[in-house]
Protein chains: 2
Amino acid sequence: MSPRPGRTDVTKRKLFDATLRLAGTRGMVGLTVDEIAAEAGVAKGTVYYNFGSKDGLIDALLRYGVDLLAARLSSADGDASDTLSRLIDGMLAFFAEYPTFAQLLVSELWRTPGQWQQTLSLLREQVTSIIRGQLQRLADAGELPEGVAVPTASAALFGTVLVVALDWQVFAPERSQEEVRDSVLTLVRGLRGTVG
Amino acid sequence: MSPRPGRTDVTKRKLFDATLRLAGTRGMVGLTVDEIAAEAGVAKGTVYYNFGSKDGLIDALLRYGVDLLAARLSSADGDASDTLSRLIDGMLAFFAEYPTFAQLLVSELWRTPGQWQQTLSLLREQVTSIIRGQLQRLADAGELPEGVAVPTASAALFGTVLVVALDWQVFAPERSQEEVRDSVLTLVRGLRGTVG
DNA sequence: CCAGTTAAACTGACCAGTCAGTACAAATAA
DNA sequence: TTATTTGTACTGACTGGTCAGTTTAACTGG
C-alpha cells in the first residue's frame with residue numbers, strides 16, 4: 001500500500017506522542033493544534049499537511065493506539081488456565097504505558113453520537129472481539145461456568161480493566177501492577193468457576 | 001438565613017436538567033453556556049447570577065447528582081444475602097434514569113488534575129464509602145472469601161457497574177435491567193464465595 | 001526536482017464572561 | 001390605603017479573547 005515509508009511516518013509518530021503527552025491533563029477538546037505542534041516540535045501547517053484537520057489527527061491517533069493494544073492482546077496466547085491472567089496483565093501493562101490513551105478511550109467511548117463515535121465503535125469491536133476469542137477458548141475448555149454469555153463478559157471485562165487501570169493510576173499509583181491484576185482476578189474469579 | 005425560599009431553586013433545577021439533557025452528546029467541555037441557558041429557557045446572565053461561572057454550574061451539578069446517587073445506595077439495606085444485588089440494582093436504576101450523568105462521571109472522573117478533579121475526588125469518596133460500608137457488612141457476615149480487600153473491591157465494583165451501565169445504554173439498549181444486573185452478578189460472583 | 005516541512009500573518013467563527021438595565025415582590029413610609 | 005424604597009432575580013447586547021483552519025513564500029534533503 002505504501003511504497004515509500006517517507007519522513008511522514010516519523011512526523012506522524014511525533015505528533016501522536018505529543019498529543020498523548022498533552023491529552024491527559026486537558027482532554028481532547030480544549031487542546032489546541034498550536035500546542036500539539038509546538039510539543040511535537042513541528043510547524044502547525046505540518047499537522048494539516050499530514051492529517052487534514054484536528055479531527056483527522058485524533059481519529060488517526062485512536063486507530064494507532066488501538067492497533068498497539070490489539071497487538072498486545074492477541075499475543076496473550078498460551079495455556080488456557082492462565083489466559084485470563086495474561087489478558088488482564090496485557091491490558092494493564094498497556095494502560096500503564098499509555099495512561100493518557102486510556103483516559104482518551106474512557107472519556108470518548110460512551111459518548112452518544114460524539115464526533116469520533118464511529119471510529120470508536122469500530123475500535124471497541126476490534127478489542128472486544130479479541131477478548132471474546134480468548135474467553136471462548138476458556139469456555140471451550142470448560143473453564144467458564146454455565147450461563148456466562150461470552151460477548152457480555154468480554155465487554156464487561158474490557159470496561160472493568162479499563163476503569164480499574166485508571167483508578168489505579170489516578171487514585172492509587174503506589175500499588176504494583178501485580179497487586180492490581182490480582183484484585184481484578186479476585187473480582188472476576190467467578191468467571192473461572194473456582195473459588196480459590 | 002433565607003427568609004424567602006426564592007425562585008432560584010427552581011431556576012437552578014431547570015439549569016441542571018437542561019445541562020444533563022445536553023451533556024450526553026457533547027460532553028462538558030465543548031458545551032456552551034448560551035446553549036445551556038437556551039435549553040433551560042433562561043437568559044445567559046442567569047447562569048452567572050446563580051453559579052458565577054460555567055465551572056461553578058458543573059461543580060454544583062456534580063454534587064447534585066452524586067447526592068441523588070448516594071441516597072439510592074444508602075437505602076440498599078436489608079438482608080445481607082442480597083446486599084450485592086440491591087447495590088447493583090440501585091446503581092443501574094440510577095444510571096438508567098440519569099444516563100448523561102453516568103457519561104459525565106465516566107468522562108471526567110479519571111482526568112488527571114482536570115478542572116473538577118477536586119470535587120470529583122470527593123464525590124468518588126462519597127459513593128465508594130457507601131459501597132464500602134455495604135461490602136463490609138458482607139465481609140462481617142462471612143460472605144466474602146479471604147483476601148478480598150474491601151476498599152479495592154468497592155472501587156472496582158463501582159467502576160464496573162458504571163461502565164457496564166454505559167455499555168448497556170450505548171451498545172445494547174434492548175436488554176432489560178434484570179438481564180444486565182444478572183450479568184454483573186455473574187461477573188462478580190466470586191465475591192460471594194459461591195458458584196451458582 | 002519535489003514531497004515534506006517551516007514560519008508567520010491572517011480570517012472568521014465561536015464563546016466565556018460582563019454590565020447596565022428591567023421586573024417584581026416585600027418592607028417601609030406617609 | 002397609596003407611594004416609595006430596597007433587594008433579589010433575571011435579562012440580553014456587547015466585549016475581548018481564543019482557536020481551527022488558510023494562505024503564502026521560502027527552505028531542505030534525497
Side-chain angles (χ1 to χ4, degrees), chain A residues 1-62 64 104 108 114-116 119, chain B residues 1-62 64 104 108 111 114-117 119:
Chain A
M1 245 348 175
S2 58
R4 288 156 289 114
R7 292 166 277 176
T8 48
D9 287 343
V10 177
T11 305
K12 283 176 178 168
R13 189 69 55 93
K14 278 198 290 185
L15 281 165
F16 288 155
D17 292 343
T19 305
L20 283 179
R21 230 174 291 134
L22 293 173
T25 38
R26 328 242 327 237
M28 220 52 255
V29 204
L31 185 65
T32 72
V33 174
D34 290 277
E35 236 176 340
I36 296 171
E39 175 76 18
V42 140
K44 186 181 187 177
T46 305
V47 175
Y48 288 90
Y49 180 83
N50 280 282
F51 298 105
S53 67
K54 185 186 173 185
D55 273 22
L57 164 62
I58 294 166
D59 208 82
L61 172 59
L62 288 171
Y64 166 75
L104 202 55
E108 300 295 338
Q115 18 199 16
W116 357 98
T119 300
Chain B
M1 240 355 173
S2 59
R4 285 156 293 115
R7 298 163 272 177
T8 48
D9 287 345
V10 177
T11 305
K12 282 177 178 168
R13 190 68 55 93
K14 278 198 291 186
L15 282 166
F16 288 154
D17 291 343
T19 306
L20 283 178
R21 230 174 290 135
L22 294 173
T25 38
R26 328 244 329 236
M28 222 47 258
V29 203
L31 185 66
T32 72
V33 175
D34 289 276
E35 237 175 341
I36 296 170
E39 175 77 18
V42 140
K44 187 179 191 177
T46 304
V47 176
Y48 289 89
Y49 179 83
N50 280 283
F51 299 105
S53 66
K54 186 185 171 186
D55 274 21
L57 164 62
I58 295 165
D59 210 81
L61 171 60
L62 289 171
Y64 167 75
L104 200 57
E108 301 295 338
R111 251 205 226 324
Q115 19 202 13
W116 359 96
Q117 185 62 27
T119 300

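So that the names make sense, note that chain A is the first sequence line, chain B the second, and so on, each numbered from 1.
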| query | In Å and rounded to the nearest 0.5 Å, what is the OH to CG distance from B/Y64 to B/L57? | reply | 12.5 Å
Distance check needed: [N] [atom2] versus [X] [atom1], whole Å only.
{"X": "B/Y48", "N": "D/dA9", "atom1": "OH", "atom2": "C1'", "value": "17 Å"}
{"X": "B/L57", "N": "C/dC15", "atom1": "CG", "atom2": "P", "value": "16 Å"}
{"X": "B/F51", "N": "D/dA9", "atom1": "CZ", "atom2": "P", "value": "12 Å"}
{"X": "A/D59", "N": "D/dA20", "atom1": "CG", "atom2": "P", "value": "17 Å"}

Less than 4.5 Å apart, side chain to side chain, heavy atoms only: is that true for [X] and [Y]?
{"X": "B/T19", "Y": "B/L31", "result": "yes"}
{"X": "B/Y49", "Y": "B/T11", "result": "no"}
{"X": "B/M28", "Y": "B/L104", "result": "yes"}

Nearest-neighbour nucleotide for the [X] side chain, [options] considered:
{"X": "B/N50", "options": "D/dC10, D/dG21, C/dT6", "answer": "D/dC10"}
{"X": "A/T32", "options": "D/dC19, C/dT5, C/dC15", "answer": "D/dC19"}
{"X": "B/K54", "options": "D/dC19, C/dA16, D/dG21", "answer": "C/dA16"}

| message | With a 3.5 Å cut-off and heavy atoms only, can you find an N or O donor on one side and an acceptor on the other between the side chain of A/K44 and the base of C/dA7? | response | no
Tell me whether the side-chain N/O atoms of [X] come closer than 4.0 Å to OP1 or OP2 in [N].
{"X": "B/Y49", "N": "D/dC10", "answer": "no"}
{"X": "B/T46", "N": "D/dT11", "answer": "yes"}
{"X": "B/T11", "N": "D/dC10", "answer": "yes"}

| message | Heavy atoms only, 4.0 Å cut-off, all strands: where does B/I36 land among base, sugar-phosphate and nothing? | response | nothing
| request: Could you tell me whether A/L31 contacts a base, only the sugar-phosphate backbone, or nothing, with contacts defined as non-hydrogen atoms closer than 4.0 Å? | output: sugar-phosphate
| request: Please say whether more than 12 non-hydrogen atoms of neighbouring residues, nucleotides or ligands are located less than 6.0 Å from CZ in A/R13. | output: no
| request: Between B/D34 and A/K14, just flag the one whose closest nucleotide in DNA chain C comes earlier from the 5' side. | output: A/K14
